[in-house]
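Scope of the values below: all heavy atoms of this structure, side chains included, with no hydrogens, waters or symmetry mates. Residue numbering restarts at 1 for every chain, and letters A, B, ... go by the order of the sequence lines.
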Amino acid sequence: MPYTTNDIKRIEAKWQKYWAEHKTFKVSADPQQPKYYCLEMFPYPSGKIHMGHVRNYTIADVIARFKMMQGFNVLHPMGYDAFGQPAENAAIKNKTDPAQWTYRCIDQMREELKKMGFSYDWDRELATCDADYYKWNQWIFIKMFEKGLAYKRASAVNWCPSCETTLANEEVINGACWRCQTDVVQKQLEQWYLKITHYSETLLEDLNKLTDWPERVRLMQENWIGKSYGCEIYFKVEPAGRQAGTESETIPVFTTRPDTIFGATYVVLAPEHPLVEKLIPGLSQEKKIREFIKKAANESKSARISGDKAKEGMFTGRYALNPVNGEAIPIYIADYVLMEYGTGAIMAVPAHDQRDFLFAKEHKLPLRIVIQNPEAPSLKVHDLKQAFEGEGNLVNSKQFDGMDNESAKEKIAQWMSVNPPVAGGETSPAGRGANKMGKVTVHWRLRDWLISRQRYWGTPIPIVYCIEKCRRDGKNFMWPVSEEDLPVKLPKNLQITGQGGSPLTKSAEFIHAKCPKCGGAAIREFDTMATFFDSSWYFLRFCSPRDDKQVFDKKEAAYWMPVDQYIGGIEHAILHLLYSRFFTKFLKDLGLVNFAEPFTRLLTQGMVLKDGEVMSKSRGNTVDPDEVIAKFGADTLRLFILFAAPPEDQLEWNDSAMEGSWKFLNRVWNTVENRYQPAERADSAVLDRADKDLERERHSAVKKFTENMQKGFKFNTAISAAMILLNAVDQYKADGHSKVKQYYLNEAIKTLVLLLAPMTPHICEELWQMMGQKESIARVSWPSYNEAALEQDTAAIVVQINGKVRGKFDVPAAISEAELKKIILADAKIQQYIGGKAVQKYIIIPKKLVNIVI
RNA sequence: GGGCAAGUGGUGGAAUGGCAUACACGCAGGACUUAAAAUCCUGUGGCCGCAAGGCUGUGAGGGUUCGAUUCCCUCCUUGCCCACCA
């Protein structure tokens, strides 16, 4: 039979049908069997799969099939992250319903995935937009609400004017919306948050457990959580002349540099700081300050954080007292201080902080040097061209003078946390430290997660607001929907226009509800959940996807979880992976799971490039997997992707290398077809040199292939081991009349097909059948190797003189050192290189190398 | 500005202290063919040499070592992440 595109198409279709009909990859929990949960990040169903998907899922499929052959009970599911804005945008554009569009895309995507021959247990397929999935989103939300971990709060939030919705901090990239790149603005809104900060400490701490995660993902999460040790210092506000006697306000500032406290020459509040309202009324410049605050608020986030922007600010007219020396310093409002970090207020030390330095120069504010550079010890204020941010010894700092600033950080923080302000009087706000100058604190960069979205195509937040009795009684009127009323279903067939806010606000059918408390009239919350909520626990749902009684089956989850190998793009290093870790910790606290981390091992696959650039629709340099499959078949595509680069590295698309993969499979095919002959088991006692060499090549290929699969999934070098075996088989001259030779040839060919089975499953199934086997190759045991068969009789010894290669010797493998030396020194060429000089020593690495030092 | 990763033939890549360039792609030459495709064989880092062979070579410079692509230091370049984070 020839090897043509049509044959390949027929073979691939045949085996895809076989796997589907025989449910080859259907699994169930079996405590007698070791489990392996292999999971790829499920796709957003946009219809067509792209090369990034193909690479991601091919890597996962090879791992799943390899583990299956190694005897594991492998869970390998697939689903769709199906809620989200693209469905709404498509619905607006095509005047259809987001649900219709999404399910059509899912159908299309499923077909494409099947064409790749992936080993999914299709009976577990799920889509997050199914009511029987998002019902459990709502259930989890209510549990969080009950524990105080889901709450509603008004504050300045990130708002994307184009998507007309709020965004989480994690979704703002360089001040712009992650989805549409529109500049994000700040807006004051009442929104739902999840209290991920409740787990800050353990999210950080447990990163240490994730030893099989890429180092850089752990670092990115560590930076994102951002634990910083520092000090909160209390600056008492001086009463304004007329208001003398009124209760004084205190400004807590956060700093990581308490060693510079004696150099503070002004205090700065963020424009949104709540204290501003209390400080400015009645001041002559009140109006101007309000204008400035308004201007700052309207500025887009990207403009505000851009590095080269001049720092703008205004003097409030008020002063604050530095607790360490009682000095009155001016209070400013400036846009370079961010409300969302620290306390939203800073002490400015212009001599030792570049941002403060620039602002001080601009506003002619004084500088004071409190750290002397040991390399230029007579630093003067008027010499400063920029802030001195280096290490040094303290000056102008009273009893701390002369101390190195690293020790001073700790000493001063300690001193402030036990002593009242030197200027006297009460300064610490209630609960922050009873009348002390400051306190040692820890600050986190991680913010609570804003999950409200003013969009239609998402999980409705299961909350109702009573508008009758509860509200009239004036107490709580916000209630979670009771469990038996879940799911709160999304209404169908709404008009999606993309304008005028969420379509849910206009659906009478949706809005009106009954108050779960008093039974009176109520209206529903019409915000939906961010889709990252959906994907934060889907891996648990895959353990029991059809369970309609509970969020997931505890027993099933206990067997399958945690995920042994998770595979996906680096772009989810923070968002999805952090949220999933948070959910797992919450579910552990609920007693539903008994592990703290959902993903034991993580592999982040590299991007697919073409012409040196990331393949993307907007660049127009995509290669359609469908077209490649039509021409070469799925196996060739899979092999190319695995062979072209290690999975973590970028992969450069190359058409001619694609043909190389085709050629290789063609050779494998021809070898089986032309050289495999049924033969009986033969006596190994009659092996000649060539047979032994072939056997050694076979065992060596199994060893190298298996080790490369196990140590970091180095598929490219595993494949090269298989290629070497094929080369050895092709070189091997089997005497057609010798049963012994045919037997060993058959063994080598069978091994080759088994090794390739996880990578190119269709063709290997077909070849396996051609070789007379009845069983699907997917369930055959992985081949083993024998160390003894790898032994060689002779060893090639490299001889170096002073580290330079000067000769090679074939010697018996078991030779003694003395004999080895004798043989080498007897060589005329070696003697010529030694040239009569005295040999200082011999470095001998057995079976490898001898270095003669002269 | 801070952090991390990576720099090896014409190309993808291999070697993690012991023969640099495994395995492929590409290219060149040859066989088969009326011819082409396919397939097979040979060669393929650079320089010198008819050859045997020699010298040189893993971004640049230095160090450790009998021996460095591999470990350490400095620098350059590229990529990624974070960033008025106090």
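Surrounding CE of Met723(A) are more than 12 heavy atoms belonging to other residues, nucleotides or ligands, all under 6.0 Å away. For Lys227(A), the NZ atom counts as densely surrounded, since its 6.0 Å shell holds more than 12 non-hydrogen atoms of other residues, nucleotides or ligands. For CD of Glu817(A), the number of neighbouring non-hydrogen atoms (other residues, nucleotides, ligands) closer than 6.0 Å is 12 at most. Other residues, nucleotides and ligands contribute over 12 non-hydrogen atoms within 6.0 Å of the NZ atom of Lys409(A).
Only the P atoms considered, C84(B) is 26 Å distant from C75(B), to the nearest whole Å. The gap from the C1' atom of G17(B) to that of C27(B) amounts to 35 Å, rounded to the nearest Å. Taking the P atom of each, G79(B) and A52(B) are spaced 44 Å apart, rounded to whole Å. Comparing G62(B) with G1(B), their C1' atoms are spaced 28 Å from each other, to the whole Å. On the C1' atoms, A38(B) is 24 Å away from G12(B), given to the nearest whole Å. Only the P atoms considered, U39(B) is 31 Å distant from C47(B), to the nearest whole Å. A gap of 29 Å separates the P atoms of A20(B) and U74(B), to the nearest Å. Atom P of A15(B) sits at a distance of 14 Å from the matching atom of C71(B), rounded to the whole Å.
Atoms CG (Leu358(A)) and P (A86(B)) sit 16 Å apart, rounded to a whole Å. As a whole-Å value, the separation of Asn674(A) CG from U39(B) C1' is 12 Å. Note: CD (Gln605(A)) to P (C80(B)) measures 16 Å, nearest angstrom. Computed from coordinates, the Arg667(A) CZ to C23(B) P distance equals 11 Å when rounded to whole Å. Counting to the nearest Å, the P atom of C81(B) and the CD1 atom of Ile570(A) are 9 Å from each other. Gln731(A) places its CD atom 11 Å from the P atom of C23(B), with the value rounded to the nearest Å. In this structure, Gln354(A) atom CD and G2(B) atom P are separated by 12 Å, rounded to whole Å. Look at CD on Gln221(A): it is 20 Å from P on C80(B), rounded to the nearest Å.
Side-chain contact check for Asn727(A) and Arg667(A): at least one donor-acceptor pair (N or O, by modelled atom type) lies under 3.5 Å.
Between Asp730(A) and Ile574(A), the one whose closest nucleotide on RNA chain B sits nearer the 5' end is Asp730(A). Both Ser228(A) and Asn666(A) lie near RNA chain B, and the one whose nearest nucleotide falls closer to the 5' end is Asn666(A).
For G9(B), the glycosidic angle deviates from 0 by 90° or less, giving a syn base.
Note on Arg445(A): every side-chain N or O is 4.0 Å or more away from OP1 and OP2 of C82(B). Of the side-chain N and O atoms in Lys829(A), none sit less than 4.0 angstrom from OP1 or OP2 of G53(B). Taking 4.0 angstrom as the limit, Tyr833(A) places a side-chain polar atom (N or O) nearer than this to OP1 or OP2 of G54(B).
Of the candidate nucleotides U39(B), C84(B), A24(B), C84(B) has the atom lying nearest to any side-chain atom of Tyr336(A). Distance from the side chain of Met220(A) is smallest for C81(B) among the nucleotides C81(B), G26(B), C23(B).
If you look at Phe359(A) and Tyr266(A), their ring centroids are closer than 6.0 Å. In this structure, Trp653(A) has its ring center closer than 6.0 angstrom to the ring center of Phe640(A).
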Quiz item: What string of B, S and - do you get for nucleotides 11-22 of chain B, 5' to 3', if B is base contact, S is sugar-phosphate-only contact and - is no contact with any protein heavy atom under 4.0 Å?
Solution: -BSS---BB--B

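Residue Val324(A) comes nearest to Met416(A) through the heavy atom pair CG1-SD, 3.9 Å, listed as atom of the first residue, atom of the second, then distance. For Ile801(A) against Ile834(A), the heavy-atom pair with the smallest separation is CD1-CG1, 4.1 Å. Between Leu269(A) and Ala345(A) the shortest heavy-atom distance is CD2-CB, 3.6 Å.
Considering only residues two or more places apart in sequence or on other chains, Glu410(A) meets the side chain to side chain contact (heavy atoms under 4.5 Å, CB included) condition with none of them.
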Quiz item: Which dot-bracket string fits RNA chain B when only Watson-Crick or G-U wobble pairs with both atom distances under 3.5 Å count, crossing pairs get [ ], and | stands for a partner on a different strand?
Solution: (((((((..(((.....[....)))((((((.......))))))((((....))))..(((((..]....))))))))))))....

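Within the nucleic acid shown, Arg447(A) has no heavy atom closer than 4.0 Å to any nucleic acid atom.
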